[in-house]
Number of protein chains: 2
Amino acid sequence: MGAGRKPRVGIIGTGAIGGFYGVMLARAGFDVHFLLRSEYPAVLEHGLQVNSSQHGKLTLKPAQAYANAEQMPPCDWLLVGAKTTSNLDLAPAIIQAAATDAKVLVLQNGLDVEDDLRAVLPDSLHLLGGLCFICVHRAGPGQIEHQALGAVNLGYHSGPASADATLSQAIVEEGAALFREAGLDSQAMGNLQQARWQKLVWNVPYNGLSVLLRASTTPLMADPASRELIQDLMQEVLQGAAACGHVIPAAYAQQLFKSTEHMPDYWPSMYHDFLHQRPLELAAIYAAPLAAARAAGCELPKIQALYQALSFIDRHHA
Amino acid sequence: MGAGRKPRVGIIGTGAIGGFYGVMLARAGFDVHFLLRSEYPAVLEHGLQVNSSQHGKLTLKPAQAYANAEQMPPCDWLLVGAKTTSNLDLAPAIIQAAATDAKVLVLQNGLDVEDDLRAVLPDSLHLLGGLCFICVHRAGPGQIEHQALGAVNLGYHSGPASADATLSQAIVEEGAALFREAGLDSQAMGNLQQARWQKLVWNVPYNGLSVLLRASTTPLMADPASRELIQDLMQEVLQGAAACGHVIPAAYAQQLFKSTEHMPDYWPSMYHDFLHQRPLELAAIYAAPLAAARAAGCELPKIQALYQALSFIDRHHA
């Protein structure tokens, strides 16, 4: 963190993820600024509320809320918690709110989610990826329901420190320290792609099956057929990762499977997108890993079947 | 058909399939007797109606309807059109209504659907399997909606002619002639297992996807993702069939795919079962082919994923 002032944090896209982490950081004393769109009037009036099973009812009022990035002060860290499907739309706001050598942290699941953004960001900005292990959803304008967990694993994607492993690692550690100061688990990951594949071990089965079977984690973990399908899908993620050079131990998947059994009942974010007729994040969570595995000579038939079925649903549920 | 009287036909389980073929045979002058359960009073009062796009409105009134097999005369041919899930329950009625050397024809999709029945039928009865290429569904008690097609392909399963290829072939030809006299296409198949695998090329993709994606054939054939998934599933059926010694040319699958494009919009029977919260025919259409292929060393991952998802739905839709 260095000796100076605490870094200033900007939240770009204050949904469930951005709102939760922003409130937790503000509570820890960071200077946090929230960019909003449709929810701006509600948050200006009522602030932000996090109803957390672990941390109780947290209210940030007033929240430093903005409808326009031009009014935000230059931020040292920018947390992007919006849907992967809107990254390009957010680029102008990110550039506007960024301090000269700011760190842009994309808190999103899936593979290659930083690529679109990197292509349009100035070279002076650091781009990082973050994987959130959290059960959280938006309950209303400025209202966030936090059910469980909260850890964030970070890795360096690209930017001025790309060629300097020591510097990039220091930046990632600085980001992890930010979350730890807010009372959250956070690990600096040496390899962002490896971290993204690891996260897919959970997202590929649970996100897709919640939509396909209209089922939350408890019934999915209670039925022998869906349990078997979840394990088969996890196994294919491990095969895809290995083909791409990222060896994930089988015990990691077993551990995720078991810990999901002990989680409170949870509807993955893709189900909320389905329910509210928003586009599903299929490119990041399915198409990109399938393409990466295929380029490495590895077919993942069950994931592909799930992706094909979800693609149909994505075009017909609206 | 021989020189004697026309054979007497019994319909065991007068749903859409049994009702349609029974009415068509009665219309052609056969002596047809219908066993019913819950629909008995309605059929006794109003007879049977087939509303057919090809044959017009057909009414059979009175229909020779029975609530109890003990009251049926001995039948030369027994057509079983019920769900595969109820074959064992129907065995006593079949035995009751059968003439001494009767032919029992199971008009059902899937693999191994005759096995349960064979185990409880007397050795003197011939058992045959029939595949119906037809779009038909039950519209109400004794009311059948016939949308398109109607061909039946038959093969000998087991019985007194098992060791006599000439005799078994003659019996199959006799069955095919029955349907042809009623104005329907019908082929005698030398190999019933081959015929069942061929039929699965259609049933595996369309039955399951209609339930999984809540979609009829027209939208399934209009979306690029479902088209690809259908073709992949057909391809796996061909692989499974080949592993079991039944080579089906790729052109056969392409032809089925194309002809489905030109069919009127159709909800497969499994969707009707789903809609009315009846058990899905997963054992015959998915579990048995998967097990047969696996026993031959062949994995069918997309079919398996579809089966796993449908198994979950089957246990949760009621």
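Protein chains get the first letters and strands the later ones, always in sequence-line order, with residue 1 at the start of each.
- Separation of atoms CD (Q308(B)) and CG (L209(A)) is listed at 9.5 Å; rounding is to 0.5 Å.
- When heavy atoms are compared at a cutoff of 4.5 Å, L220(B) approaches chain A by way of both its backbone and its side chain.
- Between S226(B) and F312(A), the closest heavy-atom pair is OG-CD1, 3.2 Å.
- Taking 4.5 Å as the limit, every side-chain heavy atom of P219(B) sits out of range of all side-chain heavy atoms of R315(A).
- Here S311(A) contributes atom OG and D223(B) contributes atom CG; the two are 7.5 Å apart, rounded to the nearest 0.5 Å.
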Is there a side-chain contact (heavy atoms from CB on, under 4.5 Å) between H316(B) and L213(A) once you walk through the steps?
CA-CA 9 Å; H316(B) 289 79; L213(A) 303 177; over 6 Å; no
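- Residue L212(A) holds its CG atom at 6.5 Å from CD1 of I313(B), rounded to the nearest 0.5 Å.
- Within the model, atoms NZ of K302(B) and CD1 of I303(A) stand 11.0 Å from one another, a figure rounded to the nearest 0.5 Å.
- Looking at R227(B), there are no atoms closer than 4.5 Å to chain A (heavy atoms on both sides), in backbone or side chain.
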